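See below for the structure under consideration.
If you're wondering where the values come from, they're calculated on a predicted model, not measured in any experiment. By convention in this document, chain letters (A, B, ...) are assigned in the order of the sequence lines, proteins followed by strands, and residues within each chain are numbered from 1.
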There are 2 protein chains.
Amino acid sequence: MSQNVYEPHNHSACVRHAIQEAQALCEEKGARLTRVRLRVLELIWQSHKPVGAYELLPLLAQEGFNSAPPTVYRALDFLLELGLIHRLSTINAYVGCNRPHGSHPVCFFICNCCGRAQELENDKLRAMTRQVEALLGVTVEQQMTELSGVCPACREHTTPETSGEHCCHDH
Amino acid sequence: MSQNVYEPHNHSACVRHAIQEAQALCEEKGARLTRVRLRVLELIWQSHKPVGAYELLPLLAQEGFNSAPPTVYRALDFLLELGLIHRLSTINAYVGCNRPHGSHPVCFFICNCCGRAQELENDKLRAMTRQVEALLGVTVEQQMTELSGVCPACREHTTPETSGEHCCHDH
DNA sequence: CGCCTTAGGTTATAATGTTGCAATTCTACG
DNA sequence: CGTAGAATTGCAACATTATAACCTAAGGCG
Ligand SMILES: [Zn+2]
Ligand SMILES: [Zn+2]
Ligand SMILES: [Zn+2]
Ligand SMILES: [Zn+2]
């Protein structure tokens with residue numbers, strides 16, 4: 001929904017939109033968005049900060065769901081398969097997808113300070129892929145780009161005396 | 001050394017070049033390329049297929065080196081720090097760096113069939129970074145792109161009857 | 001040598017992700 | 001409806017990857 005998660009925005013709308021998209025996509029593909037799967041997706045969307053698989057365990061347990069690793073990983077696999085979430089391998093965490101419509105090149109910026117991640121649609125990325133294919137004669141099937149650094153919000157909050165510390169945002 | 005690891009090439013030259021570069025870099029930076037560190041680097045360079053940390057353990061043990069996880073990870077950390085190797089986070093494996101001269105944007109293509117990885121210098125990548133910085137107002141500090149698919153050698157070797165199997169190359 | 005810094009040895013443990021199998025629930029079809 | 005087959009979940013154990021803590025050994029230098 002939001003094009004820049006580092007700016008204040010109506011996050012409820014992000015969540016609502018994501019869930020609606022998910023339900024529509026599952027309907028369309030005949031996939032079953034069961035209670036656990038839906039709840040995991042909701043939990044992931046609670047913020048734009050990617051969440052680790054093992055962080056989800058206690059959250060699910062708290063709500064009476066079964067909470068063993070396979071439960072979470074199966075839900076994550078399902079959501080990944082449908083493209084509803086992405087896995088950020090540099091930080092071993094999972095985050096909701098902006099436009100869950102089929103497999104697409106993935107590009108994220110991750111703030112090292114607040115942890116929030118912004119998905120990016122980038123035409124330079126496609127150009128790069130084509131260039132690599134032409135150069136090496138390969139066929140690209142998957143691609144993942146992870147940028148990291150400091151977001152505008154964190155740069156602003158990081159005054160000289162607080163530098164080195166981490167600021168904490170909820171989403 | 002090689003600009004395309006999927007083509008036949010003089011791999012000894014790759015290794016020799018990498019080790020020389022490493023020694024020069026350590027000299028220049030006053031870093032100590034100890035026996036374990038050098039051997040780990042050599043082992044990583046034995047092929048263009050990224051190697052897992054735990055694969056190195058028995059290889060080191062076999063040569064009389066201490067082989068507990070910390071030994072290997074400390075060597076890897078040292079080599080990563082100097083930029084002599086890269087970590088491919090999508091496959092949790094380590095591979096030698098082409099041009100070990102300071103921190104630089106990392107871009108690899110990884111063949112899903114033979115596992116060999118080719119590092120790429122790509123101007124589209126820099127353009128993308130600038131575009132992202134301008135778009136979000138962020139500051140990019142690190143970046144990693146991992147493409148995967150099928151290399152020319154594997155596409156050629158994968159006839160209809162062998163499709164689905166993996167071909168094995170040494171480097 | 002004697003002091004300091006860096007590197008390595010050792011043990012244990014944390015963090016992340018998988019396998020295998022039985023039990024349950026859902027779906028489709030007659 | 002009722003039942004067979006498929007998909008999903010529960011559960012226990014295990015595999016893989018990485019780190020912490022604490023101490024000893026080795027190298028650099030006055
Ligand atoms: Zn939001
Ligand atoms: Zn931030
Ligand atoms: Zn080579
Ligand atoms: Zn290949």
Side-chain angles (χ1 to χ4, degrees), chain A residues 22-23 26-41 43-44 49-82 84-95 110 115 144 146, chain B residues 22-23 26-41 43-44 49-82 84-95 110 115 144 146:
Chain A
Q23 284 166 337
C26 286
E27 182 100 13
E28 179 193 329
K29 298 217 173 177
R32 289 165 53 196
L33 192 57
T34 61
R35 268 167 38 82
V36 201
R37 290 167 175 175
L38 174 59
R39 192 64 191 126
V40 167
L41 183 61
L43 288 171
I44 288 175
K49 179 175 173 177
V51 58
Y54 276 71
E55 287 176 59
L56 294 168
L57 257 57
L59 300 176
L60 287 175
Q62 201 175 304
E63 303 176 25
F65 287 97
N66 176 39
S67 90
T71 301
V72 170
Y73 280 104
R74 283 195 282 233
L76 291 172
D77 286 346
F78 173 86
L79 297 170
L80 284 169
E81 196 80 20
L82 265 78
L84 291 168
I85 61 173
H86 295 295
R87 175 171 192 273
L88 302 182
S89 60
T90 57
I91 57 173
N92 294 327
Y94 304 82
V95 69
I110 306 160
M144 161 60 84
E146 296 179 39
Chain B
Q23 284 167 336
C26 286
E27 182 98 12
E28 178 193 329
K29 299 218 172 177
R32 288 165 53 195
L33 191 58
T34 61
R35 268 169 38 84
V36 201
R37 290 166 174 177
L38 173 59
R39 192 62 191 129
V40 166
L41 184 61
L43 288 171
I44 288 175
K49 178 175 173 178
V51 58
Y54 277 71
E55 288 176 59
L56 294 168
L57 257 57
L59 300 176
L60 287 175
Q62 200 176 307
E63 303 175 25
F65 287 97
N66 175 40
S67 89
T71 300
V72 170
Y73 280 104
R74 282 195 282 233
L76 291 172
D77 285 346
F78 172 87
L79 298 170
L80 283 169
E81 196 79 19
L82 265 77
L84 291 169
I85 61 173
H86 295 295
R87 175 173 190 273
L88 302 183
S89 60
T90 57
I91 56 173
N92 295 327
Y94 303 82
V95 68
I110 306 160
M144 161 59 81
E146 296 180 38

Glu63(B), CD: over 12 other non-hydrogen atoms inside 6.0 angstrom:
yes
Can you measure Leu79(A) atom CG to dT8(D) atom C1' for me and round it to whole angstrom units?
14 Å
Work out which heavy atom in Ile110(A) is nearest to a heavy atom in Gly115(A); give both atom names and the distance.
CG2-O, 4.1 Å
Can you name the nearest heavy-atom pair linking Arg32(A) to Phe78(A), along with the distance?
O-CZ, 3.5 Å
The single option from Ile85(A), Val95(A), Leu56(A) passing side-chain contact (heavy atoms from CB on, under 4.5 Å) against Val51(A)
Leu56(A)
Walk along DNA chain C from 5' to 3' and tell me the first and last nucleotide with an atom closer than 4.0 Å to a non-hydrogen atom of chain B.
dA7(C) to dT11(C)
Euclidean distance, [Y] [atom2] relative to [X] [atom1], rounded to 0.5 Å:
| X | Y | atom1 | atom2 | value |
| --- | --- | --- | --- | --- |
| Arg74(A) | Leu76(A) | CZ | CG | 12.0 Å |
| Met144(B) | Leu88(A) | CE | CG | 13.5 Å |
| Arg87(B) | Asp77(B) | CZ | CG | 10.0 Å |

With heavy-atom distances below 4.5 Å as the criterion, would you say the side chains of [X] and [Y] are in contact?
| X | Y | value |
| --- | --- | --- |
| Val40(A) | Phe65(A) | no |
| Val36(A) | Asn66(A) | no |
| Leu82(A) | Leu33(A) | no |

Would you indicate, yes or no, if dG10(D) has its OP1 or OP2 atom less than 4.0 angstrom from a side-chain nitrogen or oxygen of Asn66(A)?
yes
Just report the end-to-end axis angle for the helix from dC1(C)-dG30(D) to dG30(C)-dC1(D), five pairs per end, to 10 degrees.
30°
What is the per-nucleotide protein-contact pattern of nucleotides 15-30 of chain D, from the 5' end, where B denotes a base atom under 4.0 Å from a protein heavy atom, S denotes such proximity for sugar-phosphate atoms only, and - denotes neither?
--BBBB------S---
Give one of base, sugar-phosphate or nothing for Arg35(B), where a contact means two heavy atoms less than 4.0 Å apart.
nothing
